[in-house]
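Let me begin by presenting the structure, written as structure tokens, before commenting on it.
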There are 2 protein chains.
Amino acid sequence: MSDLREKIIQTSLELFDRHGFHGVTVKQIVQETNTSKGGFYHHFQSKDELLFVIHDTFITYVLKEAQAANVTHSSPIPKVQAIIQSFVQVFDLYKPHISVFYQESLYLKPAYEEEIKGKRDKFKRMVFNVIEEGQKTGHFRRELPLEITGMAILGMVNWIYKWYRRDGTYTIDQIAEVFTDLVLHFLLPGKEDSEYFRHMLKVPFFYESE
Amino acid sequence: MSDLREKIIQTSLELFDRHGFHGVTVKQIVQETNTSKGGFYHHFQSKDELLFVIHDTFITYVLKEAQAANVTHSSPIPKVQAIIQSFVQVFDLYKPHISVFYQESLYLKPAYEEEIKGKRDKFKRMVFNVIEEGQKTGHFRRELPLEITGMAILGMVNWIYKWYRRDGTYTIDQIAEVFTDLVLHFLLPGKEDSEYFRHMLKVPFFYESE
DNA sequence: TACAACAGACCAACCAGTCGGTCTTTACTT
DNA sequence: AAGTAAAGACCGACTGGTTGGTCTGTTGTA
């Protein structure tokens, strides 16, 4: 297969990561890759297709990993651990992809957007399902609203792309460990009787509606 | 003062929110606002200045709120509650500002960027300080690494801009309540002795280094 | 010789920003 | 109160540079 295609993607990734999709011109990409307009448009129909390819390789990978984690384990707790672990680690592997994914998704052309959105929602539903399952089996606190809790988890993990550096204080595995700890601490029951919890807590509105 | 200036900002906000900074031209802004290029450039030096103004009004507000919450309370627990509460509520007030803030910060011109970055870091440090304070006083779990925990909180809250809708299932206050619950659940100690915690937890690497 | 892989000059569309001009409000003088 | 000059607010045709994309080749290779 073509070597140039992959080289263009890698170069674009770095440039997009630093300057954003609109901050980088096809001319720049072509120069940095030591090729030509002809070379570029031989491999990609348009600049937009390149954006799509970047989106797709990342989300496809994440989805596959989550499915694997889901199948391997049967209890909700190790499932959550495995999903978070693999999800967080993706940020080390695919950092530039992810930056582009979250920064530039607005600029995906409608046809491309739909395909990406489909896979993204699939992943989201997987995470939500695991939480819901855990709540049903009694492993996780039932009083937590699924949507809010789920988005909190996705949010804290997704945000990693804004601050993670390979040469930072902590490795990606340490971050994954702490995040798993944090999530399990708010998912698992058993703290409510602690003396510290005289403070307003326990999501009152959720009880009212029952 | 000028009415038009505010009207331009509001229109731009909606347009940027939907199509991104680069997806909207000055011509479009001007048409949608029922004014002219002249009108626009009378109030703004450049399109970039408009972007800066949007960034600045939001971050200035958040910073002010956090400082207020910090002064009002003295114990770390209500401080955390107040900061998260006000921070989350901002997403109802400033949703379009925030979308622009996080989507388009890459495109701020250097001089503008510096000013925004300064305020943003100030806010971050305030959050971190409250956590650190709580750890020192023994209110919060000491074994949690400050940076990772802090970014987890900022991440879950910041991510709200990606999914919150006014007409969604939950109100912004309910979201704030649940988020406060989640954060305090992983900050406060006292769960480790629960029977559920036979599972690997408690951030082992953090102990090793002591 | 046929076709994929690439080169690079070229173009039409677009876009942020300019500039000379008009209308309206303010401020000052008589 | 009337007259007027200056400043502020706004208009819109125009421009110079840029950008994504095209098209006519040329080269290597099966």
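In the text below, chain A, chain B and the rest are named by the order of the sequence lines, each starting its count at 1.
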Nucleotide-resolved protein contact map, nucleotides 4-20 of chain C, B/S/- at heavy-atom distance under 4.0 Å
-BBBBB-----SBBB--

Is it the case that B/Lys124 places NZ or CZ above or below the six-membered ring of B/Phe128, under 6.0 angstrom from the centre and within 45 degrees of the axis?
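Yes.
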
Can B/Lys47 be said to sit on top of B/Tyr107's aromatic six-ring, NZ or CZ under 6.0 Å from centre and within 45° of the ring axis?
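Judged by the rule (NZ or CZ under 6.0 Å from the ring centre, within 45° of its axis), B/Lys47 is not positioned above B/Tyr107.
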
A/Phe101 and A/Phe58 aromatic centres sub-6.0 Å:
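Centroid separation for A/Phe101 and A/Phe58: below 6.0 Å.
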
Where B/Lys79 and B/Ala69 come nearest, the two heavy atoms and their spacing:
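The pair with the smallest heavy-atom distance is CG-O, 4.2 Å.
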
Mind calculating the distance between CD (B/Glu6) and C1' (D/dA9) to the nearest angstrom?
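Rounded to the whole Å, the gap is 17 Å.
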
Do the side-chain N and O atoms of A/Tyr102 and A/Asn158 include a donor-acceptor pair separated by under 3.5 angstrom?
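Side chains of A/Tyr102 and A/Asn158: pair found under 3.5 Å.
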
